[in-house]
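As structure tokens, the structure follows; a few thoughts come after it.
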2 protein chains.
Amino acid sequence: MTTMAATAPLPFEQHQPPMGLRERKKLKTRIAIRKATYRLIAEQGYEATTVEQIAAAAEVSPSTVFRYFPTKEDIVLTDEYDPVMEAVLRARPADEPPLESLRIILTGAVASILEHEPEEMHLRTRLMLEVPSLRARMTETMAETSQLLARPIADRAGREPDDLEVRVFTAAVMAALREALIHWGERGQQDDLVALVDRTLDVLEGGLPL
Amino acid sequence: MTTMAATAPLPFEQHQPPMGLRERKKLKTRIAIRKATYRLIAEQGYEATTVEQIAAAAEVSPSTVFRYFPTKEDIVLTDEYDPVMEAVLRARPADEPPLESLRIILTGAVASILEHEPEEMHLRTRLMLEVPSLRARMTETMAETSQLLARPIADRAGREPDDLEVRVFTAAVMAALREALIHWGERGQQDDLVALVDRTLDVLEGGLPL
DNA sequence: TTCTTTTTGAGAGTTACTGTCATTTGACGC
DNA sequence: GCGTCAAATGACAGTAACTCTCAAAAAGAA
């Protein structure tokens, strides 16, 4: 789920404490590139910011930037929330209604990100509205998340992992989340985003204008 | 709705008979570029086909190609179905349940395209599965279609044109369509696509594993 | 230290796309 | 048919995101 923050810890931390100097340096570089990117984009806008500038600001070569992130879009969009969300989903009671599980996970994730990295969240949502290529990629990333969440739900229901009905279900949920984010962004990010997500999920719960 | 064909007529034709030589030539060029593109991509694949090759095959300059299509992706994806679908939606009886209206429109559109331009449909769906950038753009285009369809539905229900609930509704419908297409493509495009679309829409009608 | 492996930077090359400008070509009044 | 004007085209130069290759540098193991 790309729209949600980048580095912060979710409900539960996930860290292998022992980490060699090499690994630590790599993580540092990764973060430096992302921070530089966020700063430059906040100052100049997305398109006006070149990878060369990003590399210079992060004090690495352009080659290195592309080694860490396959595309410029990915510098902004990559996050590590998907596996966490899947884990949390698997940890939910098996007899909980799937929509309820997803509601808890999504509202929880949104709340957590808003608390821990509000600036990133705001910038990302703004970019999602303004930059077409980023919006497209974000939407696609959410579709991937949908697929990821479909597995546990299918397992739980005793269906095939790629069951069509289940995939439609999770896709609808992610689409609802997307609309909540867009709505939030379009109104200047003033509303209570968690409440908006709840509202959009209510629509799927039978509140739609059928 | 990008996934669906390019040039063919839908339920009702839309043509202003009088058209100067200039206009006719432009349309010809447009079609030539698209045909050349489809042919080259079918032969070599999407990434291996350069705009230069396309221009040469269509016997125009690269500049002209970009004048007709803003991006290479658009050559493959652009279609003219959205306005038609919106018109058909507006023509449906106002007291028809929205999901029923959309079901008729989407299955009708899919059926029409499968009948008139099966090859394009197949190629597009294949590319949607294989080329990430195209898939992202297609998903995004469907989100745009969702927004377009939301307006008439909101009108009908006496709601604001950007009503959140309505947007979630149409977004869910388009997400369902997307899943139907993906499912169809993943199984080698052997199943009855119209039936698949019906099935996915059934999920929204209360058949979801809530 | 020395040897090995991983990481990095430098540079050259490709391609999608943008902007400009001169040339061509259809439209239209005569 | 003819000349004029606007639109369409092609040629060209330029930018920036990526890719590939290779040699230098830095980390880990012995």
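Quick note on labels: first sequence line is chain A, next is B, and so on, each numbered from 1. Only this structure's heavy atoms are used, side chains among them; waters, hydrogens and symmetry mates stay out.
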Seminar exercise, completed: Here the gap from A:Thr64 atom OG1 to A:Ile33 atom CD1, rounded to the nearest 0.5 Å, amounts to 7.0 Å
Pairing of [X] and [Y] as salt bridge, 4.0 angstrom limit:
| X | Y | answer |
| --- | --- | --- |
| A:Glu186 | B:Arg167 | yes |
| A:Arg126 | A:Glu130 | yes |
| A:Asp74 | A:Arg137 | yes |

Separation of [N] [atom2] from [X] [atom1] (nearest whole Å):
| X | N | atom1 | atom2 | value |
| --- | --- | --- | --- | --- |
| A:Tyr68 | C:dT7 | OH | C1' | 7 Å |
| A:Lys28 | D:dA27 | NZ | P | 12 Å |
| B:Lys72 | D:dC18 | NZ | P | 14 Å |
| A:Arg24 | C:dT7 | CZ | C1' | 16 Å |
| B:Arg67 | C:dC21 | CZ | C1' | 11 Å |
| B:Arg137 | C:dA16 | CZ | P | 15 Å |
| A:Asp74 | D:dA17 | CG | C1' | 13 Å |
| A:Glu23 | C:dT8 | CD | P | 11 Å |

Which nucleotide in [options] has an atom nearest any side-chain atom of [X]:
| X | options | answer |
| --- | --- | --- |
| A:Lys25 | D:dA26, C:dG9, D:dG10 | D:dA26 |
| A:Phe66 | C:dT18, D:dA17, D:dG10 | D:dA17 |
| B:Thr71 | C:dT8, C:dC17, D:dT9 | C:dC17 |
| A:Arg22 | C:dG26, D:dG28, C:dT20 | D:dG28 |
| A:Ser63 | C:dT8, D:dG10, C:dA10 | C:dA10 |

Exercise. Under 4.0 angstrom, heavy atoms only, what part of the nucleic acid is A:Phe69 near: base, sugar-phosphate, or nothing?
Worked result: nothing
Exercise. Under 4.0 angstrom, heavy atoms only, what part of the nucleic acid is B:Pro62 near: base, sugar-phosphate, or nothing?
Worked result: nothing
For this session: Considering just the side-chain nitrogens and oxygens of A:Thr64, establish if one lies under 4.0 Å of OP1 or OP2 belonging to C:dG9.
Result: yes
Exercise. Are B:Pro132 and A:Glu140 close enough that some pair of their side-chain heavy atoms sits under 4.5 Å apart?
Worked result: no
Exercise. When you measure from every atom of DNA chain D, which of residues 44-55 of chain B have a heavy atom less than 4.0 Å away?
Worked result: none
For this session: Could you check A:Arg178 against A:Thr139 for side chain to side chain donor-acceptor pair (under 3.5 Å), going step by step and ending with a plain yes or no?
Result: CA-CA 8 Å; A:Arg178 196 187 107 103; A:Thr139 307; 2.5 Å; yes
Problem set entry | Over-ring placement of B:Lys72 relative to B:Phe66, 6.0 Å and 45° cut-offs | no
